[in-house]
Amino acid sequence: MVTAEVATAPSLVIDDAARAAVDYVRKLGREYLRPLGLEADRLNRAIPADHPFYRDIARSGFMLGGLLGGGGDDADEPGATGRAVRAVLVAEEGAYWDRGAAVSLPGPGLGGAALARMGTPEQRQRFEAPFRQRERPAWASMSMTEPTAGSDVARIRTRAVRTDDGSWVLDGEKMFAANGGRADWVIVWATIDPELGRRGHRAFVIDKGTPGFEVLRLEAKVGVRAYESASFRLTECHVDADRLVGGEEFYGGSRGFGGAMSTFNATRPIVAVNAVGIARHAHDIALEVVRGDFPAHGSRRRRALEGLVEIRRGIEIGRRLCLTAAAMLDAGVPNVREASMAKLYTPPVAQAAVQRAAEILGESGVLRDNVLEKLARDCKMHDIGEGTQQVQRRIVSRLLIGALPDVSG
Amino acid sequence: MNVDARLVTDPAAVASRAQVRADAVLTGPGPATTALGVLPDRELAARLDGAGVALALVASLGEVADLVLPWAPAPCAALVAVAPDGMAVVELAGLRIEPVEAGAFEGVGGATVSVLGSAPVASWPLDPDRAFAARAGARLWCGAVLVGIAQASIDDAIDYGRRRIVFGLPVLGHQANAFELAAAATRVEAARQALAAATEHDGARFGWSATQAYLQAREAALAATDLGGQLHGGHGYLQGRPTERYFREARMLTLLWGGADAAVDDLADRVLDGPEWTW
């Protein structure tokens, strides 16, 4: 009999520095993220890059230790909260106030996460530099998705061709690069030969303004409107050899693809916990209403209380799944299954939480404010982005079932 | 069959125990022991520890004199009743015990226990938090066993689904089936982690977390054991196969101590002033 292995989750360490980071985001959230996110949603455009708020963030030195755990020098000390766990804690708090606005915060973002996992020390030093200064806000981005390759990232078609002098020429089109329109640089995934599949993947750091790099548009999304999702085109875009992330030696076998996947192992718990943060916001809206102007007795009140119980259970258990996946990553324990389970679990639970909260409020609640309507739109993104729920089911099921016997004969 | 105490202190240990059987809830000291942990009379607690002890979660101690438990350990030395504001112990002389004739635990044994109108040998008031924790302790135990059964059902389904060929592929080679398996296994993992998280707390916070974990575990077990039978097709409906036992036992266990309704009631009564959000 096959017995599914049960991973031993490392103990969760949440130190004072991690709590302070969460407190800092809470303060940012109350004062800026929530109001800016609501405004961006209403205006249907991202928060402008020259908004004074971003300048203040840069001055605070927050950029490098930002929401996605890219960079940062003070995590990973023995006994300290690990980088991935801290990123999850901060990401939940940011999403609680406004997920879109939180993602728009200056910092290296997903590009930083990829650089941290794949880049050489020299590359990290060089490309993290914009985030070590405090003079101006800076962003970075990562782009894998293409118009014809979303969930199935192995099918990307952006081509990278090596020239005689060792540099590269890239051609192709990309979508959904978070903060990609304002980023100092974007990590772009390309293939040296589509026939090689995963083995052909390479990642490059491309600066804003590089000839042949053209931002086509900022996509109009259903929700999470406060940050921009850029689509761009690469046309004979020349890239120096030292911008190949990790150097050529990194890409033995299918390590290029592995590099992308290991980045997802870090970022999926973060996107998963974003959904938890949104659910928490929905919970608090419903809680406030039930505590206030709500029938004091009767079946409607009882159903509302039971609804709050259901919402809170999803939040607390979903959060735990995300933290466990992150703690495993910090401990160097393989977390592919747990990261995908977290990402599989939390978005539907959060969507149900938002819906349940809306039902508790009923029509009168919708008249009072429309935040839950926004949260429903924001929340849906998490079941699609960073690998759809179906991608996660595919990953989890393959890990559980293993290689199936060949029955072709 | 007894289950060692690690199931309470380390519910994650259940996961690798495909052999765990639902009767552990009835015939072991487990759930009653967790309630006995708050028993003020240590001498009585020591006397009962290790014996077959029936546990009843009741709305008030006044119910104890007329209590009938459909399922209880056999042999059964005592009944411990936990109410929202107190607990009571009725020992053997005050109990009528009859073998159970049939039901979900066929072949396991068990008894119907009635209290013969006699007064409990002892009863104590409990502050609400401790009473809540005592009830949640029983639920935590039950949840851990449910996770064990759910995991066993998942493992069994994987084993069968890899070997059985349908429409030219193993059962689990069909994406529709594999996706269902992934979702069910994720629910079980969520329950396992929730149980483990609950053991990190005390008092009312423990009560809250353990009750949440129990609700998660029962949902996970119902889904996993249903899917286990489904993926077996007709074989999943035959007596004698593990999969049908998992199916029956999960459903029986989810009814103990008021099941989900009582658990949700406990949480709903507290949710407006629930414990602080914490990691």
Side-chain angles (χ1 to χ4, degrees), chain A residues 1-9 11-12 14 18-19 22 85 89 280 287 290-291 302-321 323-324 337-338 340-342 344-345 348-349 389-390 392-405 407-408, chain B residues 12-18 151-152 154-163 165 168-170 172-173 175 177-183 185-194 196-197 200 208-209 211-213 215-216 219 242 263-274 277-279:
Chain A
M1 169 169 290
V2 175
T3 299
E5 257 186 54
V6 178
T8 304
S11 58
L12 197 58
I14 298 177
R19 292 176 194 278
V22 172
V85 168
L89 296 172
R280 219 178 91 211
L287 181 71
V290 178
R291 278 178 172 164
R302 196 64 194 173
R303 281 198 299 276
L305 296 177
E306 292 177 4
L308 287 168
V309 166
E310 185 70 12
I311 293 169
R312 183 155 177 170
R313 171 157 67 99
I315 291 168
E316 296 205 73
I317 295 176
R319 168 195 283 160
R320 186 73 185 194
L321 285 172
L323 286 170
T324 297
R337 190 184 75 158
E338 286 71 19
S340 282
M341 281 184 163
L344 195 168
Y345 183 83
V349 166
Q389 183 186 160
Q390 285 66 34
Q392 311 311 326
R393 288 187 183 215
R394 189 167 188 271
I395 293 168
V396 171
S397 62
R398 290 175 74 158
L399 289 170
L400 289 173
I401 297 165
L404 288 168
V407 295
S408 58
Chain B
V14 175
S16 59
R17 293 165 172 257
Q151 186 66 55
I154 294 275
D155 292 346
D156 189 39
I158 292 173
D159 183 51
Y160 182 82
R162 284 171 49 84
R163 291 184 286 107
I165 308 298
L169 287 174
L172 288 173
Q175 194 174 63
N177 295 332
F179 275 23
E180 290 295 306
L181 180 82
T186 298
R187 286 183 177 183
V188 175
E189 176 66 22
R192 180 183 294 115
Q193 290 195 26
E200 297 168 4
W208 183 273
S209 300
T211 304
Q212 283 190 154
L215 289 169
Q216 185 72 26
E219 280 182 9
V264 170
D265 276 350
D266 264 346
L267 296 178
D269 288 343
R270 292 166 172 77
V271 72
L272 293 185
D273 301 299
W277 297 104
T278 181
W279 304 296

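We name chains A, B, ... by the order of the sequence lines, and we start the count at 1 in each one. Worth knowing before you read on, the calculation uses all heavy atoms, side chains too, and leaves out hydrogens, waters and symmetry mates. In this text the structure is predicted, and so the values were computed from the model without any measurement.
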- Note on the structure: Interatomic distance, CD@Q212(B) vs CD@E310(A), rounded to 0.5 Å, equals 9.5 Å
- Item | Gap between atom OG1 of T211(B) and atom CZ of R313(A) - 0.5 Å precision | 11.0 Å
- Item | Contact origin within I165(B) toward chain A - heavy atom pairs under 4.5 Å | side chain
- Taking only residues two or more places apart in sequence or in another chain, which ones pass side chain to side chain donor-acceptor pair (under 3.5 Å) with R393(A)? Q389(A)
- Item | Qualifying residues under side chain to side chain donor-acceptor pair (under 3.5 Å), relative to R280(A), sequence neighbours excluded | E92(A), E93(A)
- Query: Is the closest side-chain heavy-atom distance between M341(A) and Q193(B) below 4.5 Å?
  - Reply: no
- Task: Please round to the nearest 0.5 Å and tell me the distance separating atom OG1 of T324(A) and atom CZ of R192(B).
- Result: 11.5 Å
- When every non-hydrogen atom of L404(A) is compared with those of G173(B), the smallest separation belongs to CD1-CA, 3.3 Å
- Message: I want to check something: taking the side chain as every heavy atom from C-beta on, are R337(A) and T186(B) in contact at a cut-off of under 4.5 Å?
- Response: no
- Within the side chain of R312(A), is there an N or O that forms a donor-acceptor pair under 3.5 Å with the backbone of V271(B)? no
- Message: As an exercise: rank L321(A), V290(A), V396(A) by heavy-atom pairs under 4.5 Å with chain B and give me the winner.
- Response: L321(A)
- Query: Minimum heavy-atom separation for A178(B) to S397(A), with atom names?
  - Reply: O-CB, 3.3 Å
- Message: Show the nearest heavy-atom pair for residues A182(B) and L400(A), with the distance to one decimal.
- Response: CA-CD1, 4.3 Å
- Message: A side-chain contact here means heavy atoms from C-beta on lying under 4.5 Å apart; do R187(B) and I317(A) qualify?
- Response: no
- Query: Any idea which of L323(A), L12(A), L308(A) has the most non-hydrogen atom pairs under 4.5 angstrom with chain B?
  - Reply: L308(A)
- I401(A) portion near chain B, given a 4.5 angstrom heavy-atom threshold: both
- Could you look at I315(A) and say if it's the side chain, the backbone, both or neither that has a heavy atom under 4.5 Å from chain B? side chain
- Item | Y345(A) and E189(B), any side-chain heavy atoms less than 4.5 Å apart | no
- Tell me, side chain or backbone of R319(A) under 4.5 Å from chain B's heavy atoms, or both, or neither? side chain
- Task: Just do the side chain to side chain contact (heavy atoms under 4.5 Å, CB included) check on D273(B) and R291(A) with the steps written out, would you?
- Result: CA-CA 10 Å; D273(B) 301 299; R291(A) 278 178 172 164; 4.0 Å; yes
- Query: Which region of V22(A), side chain (C-beta onward) or backbone (N, CA, C, O), has a non-hydrogen atom less than 4.5 Å from a non-hydrogen atom of chain B, or is it both or neither?
  - Reply: side chain
- Task: Can you tell which part of N177(B) gets under 4.5 Å to a heavy atom of chain A, answering side chain, backbone, both or neither?
- Result: neither
- So what's closer than 4.5 Å to chain B heavy atoms on L89(A): side chain, backbone, both or neither? side chain
- Item | Option in E306(A), R394(A), R302(A), Q390(A) with maximal non-hydrogen atom pairs under 4.5 Å from chain B | R302(A)
- Please answer whether the main-chain N or O of A403(A) pairs with a side-chain N or O of R162(B) as donor and acceptor at a distance below 3.5 Å. yes
- Report yes if some heavy atom in the side chain of V264(B) is under 4.5 Å from a heavy atom in the side chain of L305(A); otherwise report no. no
